[in-house]
Amino acid sequence: MGGINHKEEVILTKSHQIKKMTAIPDQELDYHYSPRRWSHRMAPEAVTVAHLEALVQGSRNSLWTLDCETEISYGDSERQKFDIFHKKNASKNGAPMFAYIHGGYWQVKEVSREVSSFMAVPLCNAGASVISIGYDVAPDVSLNTIVLQIKRALCLIIKIAKERQSSGIYLSGHCVGAHLAAMMLMADLDGFDRDLIKGENSQEYWAGNSLDTSLVA
């Protein structure tokens with residue numbers, strides 16, 4: 001017979017406990033976890049469109065302006081890849097690496113590594129290498145699987161950083177990308193040296209809103 005497995009039960013129980021503790025209605029909780037609804041200038045749908053347009057245009061500019069090593073694979077699926085950007089004709093050796101994990105609520109397929117190099121031009125021109133990391137999203141995979149994918153990506157990035165004698169890896173992310181970056185603080189990196197990781201940008205995530213259902217697996 002079908003039913004809720006143990007992992008689902010634990011997640012749903014925690015979600016129920018948070019809701020009971022806070023007594024925040026579902027509709028209000030969803031509002032707080034939907035920044036696109038906060039704008040006083042645009043409708044929520046327009047905010048999403050403007051955001052995606054900015055990502056696409058900025059990333060396109062990076063491809064036009066910088067040298068790029070594209071589609072470096074760290075896993076079996078199409079989205080398990082990252083790109084590395086450098087200043088035109090610059091040496092790859094010795095540069096600090098800014099590794100970026102995109103957002104999209106772990107679920108939005110339109111947000112990917114291909115549109116996540118929008119910040120690369122000024123950073124590369126200042127002497128850094130910029131890495132845009134992709135990963136699979138829910139409901140195709142679970143949240144636990146996404147975390148494991150980022151771990152595999154980071155292990156390969158550390159290997160490349162050592163080979164190129166990088167001065168350090170600065171791990172960052174937007175929205176849920178920041179959550180995934182923070183999860184790497186607790187990850188067992190299979191013997192890889194953490195000393196190269198110089199900085200992480202983290203954001204606390206509070207489970208319990210209606211968008212969590214596709215993350216349970």
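Throughout, numbering of the chain's residues begins at 1 and tracks the sequence. Heavy atoms only: backbone and side chains are in, while hydrogens, waters and symmetry mates are out. These figures come from a predicted structure and were not determined experimentally.
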Task: Residue pairs fulfilling salt bridge (Lys or Arg N to Asp or Glu O under 4.0 Å) with at least one residue in residues 123-144, sequence neighbours excluded - done: K109-D140
Task: E78/R113 salt bridge by N-O under 4.0 Å criterion - done: no
Open item on the list: For A95, give me all partners under side-chain contact (heavy atoms from CB on, under 4.5 Å), at least two apart in sequence or on another chain.
Closed with: S129
Open item on the list: Determine whether I169 and I157 satisfy the following criterion, side chain to side chain contact (heavy atoms under 4.5 Å, CB included), listing intermediate values before the conclusion.
Closed with: CA-CA 8 Å; I169 299 168; I157 289 168; 4.0 Å; yes
- [ ] Please identify each residue that fulfils side chain to side chain donor-acceptor pair (under 3.5 Å) with N125, with sequence neighbours left out.
- [x] none
Could you check if a side-chain atom of [X] sits within less than 4.5 angstrom of a side-chain atom of [Y], using non-hydrogen atoms only?
X	Y	answer
I197	M184	no
K88	T65	no
E114	S59	no
I131	D83	no

Task: Identified side chain to side chain contact (heavy atoms under 4.5 Å, CB included) partner of L52 from the options V108, V111, V115 - done: V111
Open item on the list: For D76, I'd like to know if atom CG has over 12 heavy atoms of other residues, nucleotides or ligands within 6.0 Å.
Closed with: no
Open item on the list: Are more than 12 heavy atoms, taken from residues, nucleotides or ligands other than Q165, located less than 6.0 Å from that residue's CD atom?
Closed with: no
Task: Pairs where residues 111-142 contributes a residue and the test ring-ring contact (aromatic ring centres under 6.0 Å, His included) is met, not counting sequence neighbours - done: Y100-F118, H102-Y135
Open item on the list: Taking ring-ring contact (aromatic ring centres under 6.0 Å, His included) as the cut-off, I'd like each qualifying pair that reaches into residues 138-169, sequence neighbours left out, listed once.
Closed with: none
- [ ] In sequence, state the C-alpha distance, the side-chain angles, and the governing distance for K81 and E69, and then conclude on salt bridge (Lys or Arg N to Asp or Glu O under 4.0 Å).
- [x] CA-CA 11 Å; K81 297 177 180 179; E69 302 169 76; over 6 Å; no
TODO: If you link ILVMFWY side chains whenever their heavy atoms are less than 4.5 Å apart, which other residues fall into the same cluster as V47? By chain and number, please.
DONE: M42
Task: Gap between atom CD1 of I158 and atom CD of E163 - 0.5 Å precision - done: 12.5 Å
Open item on the list: Between R164 and I84, is the side chain to side chain contact (heavy atoms under 4.5 Å, CB included) condition met? List the steps.
Closed with: CA-CA 13 Å; R164 299 181 181 182; I84 308 179; 4.1 Å; yes
- [ ] Could you tell me whether H179 and H174 have their ring centroids closer than 6.0 angstrom?
- [x] no
- [ ] Show the numbers, then the answer: is there a side chain to side chain contact (heavy atoms under 4.5 Å, CB included) between F82 and S132?
- [x] CA-CA 5 Å; F82 56 79; S132 172; 5.9 Å; no
